[in-house]
2 protein chains.
Amino acid sequence: MAIHKKEEFSQKEQDLAAFAKALAHPARIAILKLLAQRNECICGEIVEVLPLSQSTVSQHLKELKTAGLINGNIDGPRSCYCINWKAFEKFMGEFSFLFNKLKVQNEKACC
Amino acid sequence: MAIHKKEEFSQKEQDLAAFAKALAHPARIAILKLLAQRNECICGEIVEVLPLSQSTVSQHLKELKTAGLINGNIDGPRSCYCINWKAFEKFMGEFSFLFNKLKVQNEKACC
DNA sequence: CTCCCTAATCGTATATTTGCGATATAAGAT
DNA sequence: ATCTTATATCGCAAATATACGATTAGGGAG
């Protein structure tokens, strides 16, 4: 890649792409699923469930956090994560807006 | 990456991740937006709109097609793409199922 | 058939992601 | 103060992704 061209796209496009990138790995999907399923936020239980090392899981958690999809209470000995539903809904909403809405006027596709 | 661990996750997790990965680049978001906006399916007009070379755009189109998000009529001189709304809805539905549904029982988050 | 035009593919350079072991950090227990 | 436990971070290796120019392929026009 000579130069990153990502900056040349609109902010909204970049934001949606960043959101999608955060979801673009089965481990992160699995983490989010776990966080969504448990009543209590989890910490290192994730490490036991996933087929990945502790450091790798920690890295995935960091990516999800950086993307704003999860919140983390790093309080001392154990840290507690949970889904940031607000951010989640925001992005899902934007996707729906972008694609579901435009779909109506475009039903007669050629292929 | 010593070994790819992606295979160790469930098929559904892998599928969702693959879908997200297809969306994980502003260029591909822009392409999908374009395809959704135009009544007619487009071909190389995309190249003119995007700040990328023809070969790069072609590669992104290929990725979207491989992911099943778009259909392509490669009919001779010019090829015509359009969004595969069915696949799109399938994935959006699965995301909603996974996250929106689980949200209800998990409103009292700790962080 | 030869000349265009459009689009796909190849080869390659560079950037980013993924994964892990080792190490650091931070708080509670002894 | 030291040990333990739970996480985060660093450094590195390998795999992927991104981008582009050059080339190839496949029609239509003349």
Side-chain angles (χ1 to χ4, degrees), chain A residues 1-9 13-14 17-31 34-35 40-67 70-82 111, chain B residues 1-9 13-14 17-31 34-35 40-67 70-82 111:
Chain A
M1 190 169 23
I3 312 156
H4 354 62
K5 293 269 185 158
K6 292 187 183 178
E7 296 79 15
E8 310 210 4
F9 293 91
E13 284 162 353
Q14 291 184 52
F19 170 70
K21 181 178 275 179
L23 298 172
H25 194 287
R28 293 195 288 273
I29 296 281
I31 289 172
L34 255 180
L35 289 177
E40 295 266 307
C41 307
I42 345 165
C43 42
E45 301 166 295
I46 303 170
V47 176
E48 290 184 29
V49 177
L50 298 199
L52 297 170
S53 77
Q54 179 266 321
S55 59
T56 304
V57 170
S58 194
Q59 231 175 306
H60 282 303
L61 285 167
K62 191 182 175 187
E63 278 175 75
L64 286 169
K65 200 177 173 188
T66 302
I70 62 177
N71 298 123
N73 258 354
I74 313 121
D75 68 306
R78 62 198 60 212
S79 51
C80 161
Y81 289 100
C82 62
C111 46
Chain B
M1 188 168 25
I3 311 157
H4 352 64
K5 293 268 184 159
K6 292 187 181 176
E7 295 80 14
E8 310 211 4
F9 294 91
E13 284 161 352
Q14 290 183 53
F19 170 71
K21 181 178 276 179
L23 298 172
H25 194 288
R28 292 194 289 273
I29 296 282
I31 289 173
L34 254 180
L35 288 178
E40 295 266 306
C41 308
I42 344 162
C43 43
E45 299 166 297
I46 304 170
V47 176
E48 288 184 30
V49 176
L50 299 199
L52 297 170
S53 77
Q54 180 265 320
S55 59
T56 305
V57 170
S58 194
Q59 232 175 305
H60 281 303
L61 284 167
K62 191 182 174 187
E63 279 175 75
L64 286 169
K65 201 176 174 191
T66 302
I70 63 175
N71 298 122
N73 258 353
I74 314 121
D75 68 307
R78 61 198 61 215
S79 52
C80 161
Y81 289 101
C82 62
C111 48

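Labels below follow one simple rule: chain letters A, B, ... track the order of the sequence lines, proteins then strands, and each chain is numbered from 1.
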Name the closest nucleotide to the Lys21(A) side chain, picking from dT17(C), dC20(D), dA6(D). dT17(C)
Nearest-neighbour nucleotide for the Arg78(A) side chain, dA6(D), dC20(D), dT9(D) considered: dA6(D)
Touch class at under 4.0 angstrom, heavy-atom based, for Gln59(B) against every strand present: base
Would you indicate whether the side-chain heavy atoms of Lys6(B) and His25(A) approach each other to under 4.5 Å? yes
Identify which nucleotide among dA7(C), dA8(D), dC20(C) has an atom closest to any side-chain atom of Leu61(A), counting heavy atoms from C-beta outward. dA8(D)
One pair to check against side-chain contact (heavy atoms from CB on, under 4.5 Å): Phe9(A) and Leu50(B). What are the steps and the verdict? CA-CA 8 Å; Phe9(A) 293 91; Leu50(B) 299 199; 4.0 Å; yes
Nearest-Å distance for atom pair CG/P, residues Leu52(B) and dA7(C): 15 Å
Closest to the Ser58(A) side chain, choosing from dT7(D), dA7(C), dA19(D): dT7(D)
Do the side chains of His60(A) and Ile31(A) get nearer than 4.5 Å, heavy atoms only? yes
Between Tyr81(A) and dA8(D), is there a contact of a side-chain N or O with OP1 or OP2 at under 4.0 Å? yes
First of Ser55(B) and Glu63(A) reached from the 5' end of DNA chain C, by closest nucleotide: Ser55(B)
Separation of dT18(D) C1' from Gln14(A) CD (nearest whole Å): 15 Å
Closest nucleotide among dA8(D), dC20(D), dC20(C) to the Ser53(B) side chain: dC20(D)
What nucleotide, of dG19(C), dA19(D), dT18(D), holds the atom closest to the side chain of His60(B)? dA19(D)
Mind calculating the distance between CG (Leu23(A)) and C1' (dT18(C)) to the nearest angstrom? 17 Å
Need one value for Gln54(A): base, sugar-phosphate or nothing, where a base atom within 4.0 Å counts as base even if backbone is also close, heavy atoms only. base
Separation of His25(B) atom NE2 from dT16(C) atom P, in whole Å? 11 Å
Side-chain heavy atoms of Lys65(A) within contact of Leu61(A), under 4.5 Å: no
Euclidean distance, atom NZ of residue Lys62(A) to atom C1' of dC20(C) [Å, nearest integer]: 16 Å
Please pick, from dA8(D), dT9(C), dC20(D), the nucleotide with the shortest atom-to-atom distance to any side-chain atom of Thr56(B). dC20(D)
Can you check the Ile46(B) CD1 to dT6(C) C1' distance for me, whole Å? 13 Å
Per atom distances to the Arg28(B) side chain, the nearest of dA8(C), dC20(C), dT18(D) is dT18(D)
With a 4.5 Å limit on heavy-atom distance, are the side chains of Val49(B) and Leu34(B) in contact? yes
